[in-house]
2 protein chains.
Amino acid sequence: MPAKVSDSTIRRLSHYLRILEAMARDGGGTVSSVQLAAAAGTTAAQVRKDLSLFGSFGKRGHGYQVAELADRVREILGLGRDWRVALVGAGRIGSALFEYADFRRRGFHIVAVLDVDPAKIGERWGTLAVEDVASLEAALEREGVEVLIVTVPATEAQAIVDRAVASGVRGILNFAPTQLRTEDGVFVHDVNMVMELEALSFDLTNRIPADVGDTAD
Amino acid sequence: MPAKVSDSTIRRLSHYLRILEAMARDGGGTVSSVQLAAAAGTTAAQVRKDLSLFGSFGKRGHGYQVAELADRVREILGLGRDWRVALVGAGRIGSALFEYADFRRRGFHIVAVLDVDPAKIGERWGTLAVEDVASLEAALEREGVEVLIVTVPATEAQAIVDRAVASGVRGILNFAPTQLRTEDGVFVHDVNMVMELEALSFDLTNRIPADVGDTAD
DNA sequence: AGACGCTTGTGAAATAGTTCACAATGCTAG
DNA sequence: CTAGCATTGTGAACTATTTCACAAGCGTCT
């Protein structure tokens, strides 16, 4: 593994992978960096640079073998295995994620669902029963959970994450709109829909192509 | 408006805003860039640089007035108004977003919900009825929609977006895992949960602090 | 009123990320 | 077996973003 891989490179690899899988379904044999870049909305040089960080996967003059490159990217991203995931927060968003087929398809298996709400505890979700978040540690250890999906209110997220980390969780997908603090070696990725809407609001307000001047301020 | 504002700056402003609002609730009078940076997980210089792009909001020696800075940031982000939003895709995720209080709180009002599924069309969602996506244009024009939230399958997203853009939509929050193509002046922001999980998978696999060597490849 | 302490606002330096441009092939055809 | 074509892999140039470091204030205290 190269010492320095930027976050944007990883995100692009994930994007390439989705495209490569679609191409593989369409029976595609080879892709050039130019084609892959066009599909991903980036440049050919960027594609080649991204891939070359991890090895030499193409053939000069011919491009990349679609199926093989997909395998390599999957391997780089660590998707060659299954991940055991616990979902904390059995609300609307949690429920939507639980049903989200793309997670399972990528090897992320939700093996426990927890909530504080007594009305929810005991509900059957697929083959699982919603458990009391009081027994978080027990559930995480029982199921060998490594990744936590957090969809609880912002005020409760930190406490839950602290407990989960103490129980061995090392990766967190955080939907709570709060800045989580964790020790080194624990990775947190945020999904913040409000932030994206606000960025959209900024664009619509300030990045209008022509006319609006820069008279403000 | 300054000519060049990076996307990361905007995302941080959104983050600052959330922190400032929490501080305002706690009655906080002033913040220094150091305090704000600590809360946001960035540096004081970064905070000052971000803010200074838009004006001079602090007082030397004393920091920023919490309530006032929050107002300014809200204004920068274009949040001083309400946005009329349509939701296309009345599935699990759509339903979760519809109930998501933080959207409304920020002035994003869902004024129409559409789907293709005949079983869903006509369902009551709050004060709205789910409409047939066939009448997308009519709904968008009737409600004066400017922002679209897309939670349909990847295969259908592009067609819907094309129609919406033709009907005057200029901002799109895209949950479909696909690269949307739009004309200039239309802003697309993606929320890609699978990508975040894959980035997490990469981190867990490759960024383990010590021990794992770089023997691969 | 003047000096002091604290914190902003901001050029300049440093670091990170992207694009360019081309030599190094691998493949195919003759 | 050699020439020609296409496309990779990659140092070097460029651009963007972050961090540094410090002069410019603002308010307070004596």
Side-chain angles (χ1 to χ4, degrees), chain A residues 1-16 19-20 23 28-70 72-73 76 199 202-203 207 217, chain B residues 1-16 19-20 23 28-70 72-73 76 199 202-203 207 217:
Chain A
M1 307 303 134
K4 255 311 185 191
V5 181
S6 79
D7 233 57
S8 7
T9 291
I10 300 306
R11 292 244 268 286
R12 281 192 300 268
L13 286 176
S14 168
H15 196 167
Y16 302 157
I19 292 162
L20 289 166
M23 286 175 167
T30 65
V31 235
S32 68
S33 56
V34 173
Q35 296 171 301
L36 190 47
T42 181
T43 66
Q46 184 73 80
V47 168
R48 295 201 299 276
K49 189 66 92 172
D50 286 337
L51 295 174
S52 73
L53 286 171
F54 299 95
S56 210
F57 308 132
K59 291 211 171 94
R60 288 170 198 245
H62 280 255
Y64 305 86
Q65 210 63 31
V66 169
E68 193 211 307
L69 184 57
R72 293 317 206 89
V73 174
I76 291 165
F202 176 84
D203 288 347
R207 298 209 218 258
D217 169 300
Chain B
M1 309 300 133
K4 255 309 185 191
V5 181
S6 79
D7 234 55
S8 6
T9 291
I10 299 306
R11 292 244 267 286
R12 281 192 300 268
L13 285 176
S14 168
H15 196 166
Y16 302 156
I19 291 162
L20 289 167
M23 286 174 167
T30 65
V31 236
S32 70
S33 56
V34 173
Q35 295 171 304
L36 191 46
T42 182
T43 67
Q46 184 73 81
V47 168
R48 294 201 300 273
K49 190 66 95 170
D50 286 337
L51 295 174
S52 74
L53 286 170
F54 299 95
S56 211
F57 307 133
K59 290 212 172 95
R60 290 170 197 244
H62 281 253
Y64 305 86
Q65 210 63 31
V66 169
E68 193 211 306
L69 185 57
R72 293 315 205 91
V73 173
I76 291 165
F202 176 85
D203 289 345
R207 298 210 219 257
D217 169 340

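It should be emphasised that the depicted structure is a prediction, and the values quoted were computed from it without experimental measurement. Heavy atoms only: backbone and side chains are in, while hydrogens, waters and symmetry mates are out. Throughout, protein chains are lettered first and strands after them, A, B, ... in sequence-line order, and every chain is numbered starting at 1.
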Note to self: Treating A:Thr9 as the side-chain partner and A:Val5 as the backbone partner, does any N or O pair qualify as donor plus acceptor under 3.5 Å?
What the structure shows: no

Report each atom pair, protein N/O against N/O of nucleotides 17-21 of chain D, whose distance is under 3.5 angstrom.
{"unit_1": "D:dT18", "atom_1": "OP1", "unit_2": "B:Arg12", "atom_2": "NH1", "d": "3.0"}
{"unit_1": "D:dT18", "atom_1": "OP2", "unit_2": "B:Arg12", "atom_2": "NH2", "d": "3.0"}
{"unit_1": "D:dT18", "atom_1": "O5'", "unit_2": "B:Gln46", "atom_2": "OE1", "d": "3.3"}
{"unit_1": "D:dT19", "atom_1": "OP2", "unit_2": "B:Thr43", "atom_2": "OG1", "d": "3.4"}
{"unit_1": "D:dA21", "atom_1": "N6", "unit_2": "B:Arg48", "atom_2": "NH2", "d": "3.3"}

Measuring to OP1 and OP2 of [N], would you say a side-chain N or O of [X] lies under 4.0 angstrom away?
X	N	result
B:Tyr64	D:dC26	no
B:Ser33	C:dT7	no
A:Ser32	D:dT7	no

So [Y] and [X], do their side chains get closer than 4.5 Å, heavy atoms only?
X	Y	result
A:Ile10	B:Asp203	no
B:Phe54	B:Leu13	yes
B:Leu20	B:Tyr64	no

Margin query: Applying side-chain hydrogen bond (donor to acceptor under 3.5 Å, both in side chains), can you list everything that pairs with A:Thr42, at least two apart in sequence or on another chain?
Written below: none

Which whole-number value in Å describes the distance from [X] [atom1] to [N] [atom2]?
X	N	atom1	atom2	value
A:Leu69	D:dT8	CG	P	11 Å
A:Phe57	D:dT10	CZ	P	11 Å
A:Leu13	C:dG17	CG	P	14 Å

Polar atoms only, N or O, under 3.5 Å: list the protein pairs with nucleotides 25-30 of chain C and their distances.
none

